[in-house]
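Starting off with a structure, shown below.
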Amino acid sequence: MKIRQFIIVVILVIAIASPAYAEIKTFTETVKQTFGGSQSPDDARTAAIAKAKRNVLEKAGTYLESLTVVKDSKIDKDEILALSAGILKVEVVSQKNFTEGDAFGIIIETKVDVDTSVLNERIKTMLGDRELMQKYTESQKRETELLAKVKLLEEKNRELEKSNADEKQKAELKKEFKENSQRIEAVGWFEKASSLWKDGKYSDPDNAIKYLNKALEIDPLFSTAYNNRGVAWYDKGDKERAIQDYTSAIEQNPNFAGAYYNRGNAWSDKGEYDRAIKDYTNAIQINSSYAEAYCNRGNEWRMKGEFDIAMKDFTSAIGINPSLAEAYYNRGLAWGMKGEFNNVINDFTRFIEINPSFAEAYSNRGIAWSGKGDYEQAIKDFTRAIEINPTLSEAYYNRGNAWSNKGEYVIAIKDFTKAIEINPTYADAYCNRGAAWGMNGELDIAIKDFTHAITINPSLAVAYIGRGLMWAGKGDMGKACLDFRKACNLGNCRGMEECKP
């Protein structure tokens with residue numbers, strides 16, 4: 001029996017305005033898809049659209065590659081294709097059936113309109129978001145694999161038709177065509193979720209989850225969809241569901257470094273430092289150049305008090321990616337725990353060079369300057385931190401300490417007061433303001449501040465000592481010794497020498 005041949009003609013039109021002259025640049029692609037036997041019209045249509053879309057995006061990518069903003073980024077061909085898929089949204093504008101001899105088919109016309117005025121900005125945004133680029137790179141890789149599978153199935157289909165295969169073989173091949181088509185459709189849902197990615201997270205995690213649910217309903221083996229749904233759950237604050245999805249991604253693909261890394265982040269947020277370290281280690285074993293995994297593993301070691309091991313990881317991260325600001329920041333914190341103030345200053349300075357608008361970095365560098373006794377430099381850093389973030393209570397508190405160390409108690413009191421206004425439960429700020437009041441001769445006011453600090457934190461031994469000193473200054477050694485004994489019970493026995501056993 002003669003097999004009718006069906007043809008799907010897919011015409012994709014991409015209109016791109018040239019940034020220089022605002023011309024409309026058009027790319028077209030025509031795909032003729034013949035099919036029959038075990039390949040259904042729907043399966044062929046799905047494959048044809050995917051092929052045409054990919055081909056035309058490659059043409060558009062060649063155009064984008066010629067733009068200065070893309071040239072300067074020095075990205076490879078796969079990333080250029082991902083860039084094209086990320087900023088050029090294909091729209092189906094018409095479709096119609098046709099006949100040609102014994103063949104039947106459908107013509108589908110699509111287009112992409114690109115606003116020249118925003119083209120470069122969109123490209124810069126995409127290139128500046130490494131995670132978004134990775135999502136589109138993953139989806140394009142998945143689609144490439146599936147289109148390669150289509151080609152193999154089409155070859156197998158032709159062979160079966162030539163050999164007059166039995167119905168069981170044809171039915172099995174039909175099933176393979178259908179499953180592969182569904183997986184191609186799943187990539188579309190995956191990219192729909194990716195379009196919601198902005199500034200390092202999903203702008204609408206609920207819809208992202210909905211789209212990724214659809215992708216996984218169609219293709220339960222889609223490991224990157226599990227991983228990205230885990231990210232969406234993470235963005236919603238649901239660490240448990242995130243971990244479940246990362247685990248599913250790893251089960252589907254045991255070499256998925258990104259899924260180990262993401263699960264490590266979720267374990268870290270739950271305070272499960274050993275589990276986080278294990279996952280970051282797995283990510284590094286799979287991808288030895290995974291700078292972020294080294295950095296985050298170092299942070300877990302730092303949280304466990306293993307500062308030397310932590311610094312090795314931070315240093316490895318910096319060796320892989322000298323522009324990874326977080327590695328300098330975290331290594332600076334580790335140096336601080338070891339009292340290595342020069343190294344602290346060097347690392348926070350490097351961080352600030354990369355990210356000059358992060359207030360906490362200035363505040364932390366200021367603490368290191370104070371540790372070196374350079375209070376003028378410390379005050380400059382605390383002041384800069386406050387300029388960037390006027391609600392950073394720690395910067396006011398630390399600047400107050402620097403003023404106190406310079407003997408400027410009135411100014412110090414103002415800074416401690418501001419810290420308390422921002423954070424009314426800041427026990428240390430009450431305590432140090434009490435000390436400044438005491439140095440300024442205001443013993444009763446000082447006692448009130450120390451008492452307030454103790455009310456907030458009954459385990460703050462230094463507050464009892466401070467209040468004891470104020471009582472002693474007022475000549476009330478009974479109350480002073482009561483406070484000194486309380487402090488001693490908490491581990492700080494300063495002042496007890498003045499009290500009788």
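What's counted below: heavy atoms across the whole structure, side chains too, no hydrogens, waters or symmetry copies.
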Ion pair E387/R384, N-O distance below 4.0 Å = yes
task = Output, in order, the C-alpha distance, side-chain angles, deciding distance and verdict of side-chain contact (heavy atoms from CB on, under 4.5 Å) for L147 and K151.
result = CA-CA 6 Å; L147 288 176; K151 186 175 181 181; over 6 Å; no
query = Given side chains that start at C-beta, do those of K304 and I277 come closer than 4.5 Å, heavy atoms only?
reply =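 Counting from C-beta outward, K304 and I277 do come under 4.5 Å.
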ask   = Quick check: does any side chain N or O of N253 sit under 3.5 Å from a backbone N or O of A249, one acting as donor and the other as acceptor?
value =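 Checking the backbone N and O of A249 against the side chain of N253, no donor-acceptor pair under 3.5 Å is found.
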Closest approach of V344 to G332 (non-hydrogen atoms, all atoms of both residues) = CG2-O, 3.5 Å
ask   = Do side-chain atoms of Y396 reach the backbone of P390 as a donor and acceptor pair under 3.5 angstrom?
value =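 Yes, Y396 side chain to P390 backbone: donor-acceptor pair under 3.5 Å.
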key: Contact summary for S393 and Y426, nearest pair of heavy atoms   =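 Where S393 meets Y426 most closely, the heavy atoms are OG-CE1, 3.8 Å.
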ask   = Do the side chain of D129 and the main chain of T125 share a donor and acceptor less than 3.5 angstrom apart?
value = no
request  = Decide whether E240 and Q244 meet the rule of one side-chain donor and one side-chain acceptor closer than 3.5 Å.
outcome  =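 No pair is found: no donor N or O on one side chain lies under 3.5 Å from an acceptor on the other.
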query = Would a distance-only check, ignoring hydrogens and angles, find a side-chain to backbone donor-acceptor pair under 3.5 Å from Y362 to P356?
reply =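 Yes, Y362 side chain to P356 backbone: donor-acceptor pair under 3.5 Å.
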ask   = Between Y430 and H452, how do the two ring planes meet: parallel, tilted or perpendicular, split at 30° and 60°?
value = parallel
message = Distance check, rounded to the nearest 0.5 Å: N180 atom CG versus T46 atom OG1?
response =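 Here the interatomic distance stands at 10.0 Å.
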key: Distance-only donor-acceptor check, side chains E191 and Q140, under 3.5 Å   =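 Result is yes, a qualifying pair exists.
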ask   = Under 3.5 Å, is there a donor-acceptor pair linking the side chains of N213 and K210?
value =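 K210 and N213 do not have a side-chain donor-acceptor pair below 3.5 Å.
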inquiry  = If the test is salt bridge (Lys or Arg N to Asp or Glu O under 4.0 Å), which one of K178, K214, R183 qualifies with D219?
reply    =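 That would be R183; it is the only one of K178, K214, R183 passing the salt bridge (Lys or Arg N to Asp or Glu O under 4.0 Å) with D219.
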task = May I ask you to test the E300-D313 pair for a side-chain heavy-atom distance under 4.5 Å?
result =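 No; the side chains remain at least 4.5 Å from each other.
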request  = Work out which heavy atom in I218 is nearest to a heavy atom in Q182; give both atom names and the distance.
outcome  = CG2-O, 2.7 Å
ask   = Do you know which of Y260, W267, Y261 makes side chain to side chain donor-acceptor pair (under 3.5 Å) with D279?
value = W267
query = Which atom pair, heavy atoms only, marks the closest approach of I209 to A232?
reply =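 Smallest interatomic distance, heavy atoms only, reads CG1-CB, 3.5 Å.
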inquiry  = Please identify which of these residues, Q134, K135, K141, meets the side chain to side chain donor-acceptor pair (under 3.5 Å) condition with E138.
reply    = Q134
ask   = Quick check: does any side chain N or O of S139 sit under 3.5 Å from a backbone N or O of Y136, one acting as donor and the other as acceptor?
value = yes
Any E394 side-chain heavy atom under 4.5 Å of E360 side chain =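 Result no, sub-4.5 Å side-chain heavy-atom pair not found.
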Side chain proximity check, L460 to C431, heavy atoms < 4.5 angstrom = yes
inquiry  = Quick check for you: to the nearest 0.5 Å, what is the distance between I250 atom CD1 and N282 atom CG?
reply    =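 The CG atom of N282 is 7.5 Å from CD1 of I250, to the nearest 0.5 Å.
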query = Would you say the side chain of L146 lies within less than 4.5 Å of the side chain of E143, judging by non-hydrogen atoms?
reply = no
Test log, rule side-chain contact (heavy atoms from CB on, under 4.5 Å), inputs S195 and Y211 = CA-CA 11 Å; S195 70; Y211 298 148; 5.7 Å; no
request  = Evaluate side-chain contact (heavy atoms from CB on, under 4.5 Å) for Y329 paired with N364, printing each intermediate quantity in order.
outcome  = CA-CA 9 Å; Y329 187 90; N364 286 335; 2.9 Å; yes
key: NZ/NE/NH1/NH2 to OD/OE distance under 4.0 Å, R350 and E353   =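 Counted as a salt bridge, because a side-chain N and a carboxylate O are separated by less than 4.0 Å.
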inquiry  = Quick test of your reading of the model: are K338 and D308 salt-bridged, counting only N-O distances below 4.0 Å?
reply    =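 Answer for the salt bridge query: yes.
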query = So which of D347, N299, N343 actually passes side chain to side chain donor-acceptor pair (under 3.5 Å) with R331?
reply =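 Among D347, N299, N343, the one that satisfies the side chain to side chain donor-acceptor pair (under 3.5 Å) with R331 is D347.
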message = Can you give me the closest heavy-atom contact between A266 and Y234, atom names plus distance?
response = CA-CE1, 3.9 Å
note = The reported gap from CD1 in I345 to CH2 in W335 (rounded to nearest 0.5 angstrom) is 13.0 Å
task = Identify the two heavy atoms, one from Y280 and one from S268, that lie closest to each other, and give their separation to 0.1 Å.
result =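 The pair with the smallest heavy-atom distance is OH-CB, 4.2 Å.
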ask   = When you check the gap from the basic side-chain N to the acidic O, do K201 and E131 get nearer than 4.0 Å?
value = no
inquiry  = Applying side-chain contact (heavy atoms from CB on, under 4.5 Å) to S370 and N398, what does each step give before you reach the verdict?
reply    = CA-CA 9 Å; S370 288; N398 289 323; over 6 Å; no
Any side-chain donor near an acceptor of the partner, N342 and K372, under 3.5 Å = yes
task = Measure the spacing between CZ of R302 and CD1 of I309 and express it to the nearest 0.5 Å.
result =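 With rounding to 0.5 Å, CZ (R302) is 14.5 Å from CD1 (I309).
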ask   = If we only count heavy atoms from C-beta on, is the Q377 to R365 side-chain gap below 4.5 Å?
value = no
inquiry  = Nearest 0.5 angstrom please: D415 CG to N432 CG, how far?
reply    =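 Output value for this atom pair is 12.0 Å.
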Residue pair E251 / T247, side-chain heavy-atom distance below 4.5 Å = yes
request  = Give a yes or no on whether the backbone of A359 and the side-chain of N389 come within a donor-acceptor separation of less than 3.5 Å.
outcome  =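 No, because the side chain of N389 does not come within donor-acceptor range (under 3.5 Å) of the backbone of A359.
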ask   = When rounded to the nearest 0.5 angstrom, what is the spacing between CG in L83 and CD in E79?
value =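 With rounding to 0.5 Å, CG (L83) is 9.5 Å from CD (E79).
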Y328 and N346: side chain donor to acceptor below 3.5 Å = no
ask   = Side chain of N355, backbone of F351: donor and acceptor closer than 3.5 Å?
value = no
key: Heavy-atom check, side chain of N228 versus side chain of W197, under 4.5 Å   =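 Sidechains of W197 and N228: no contact.
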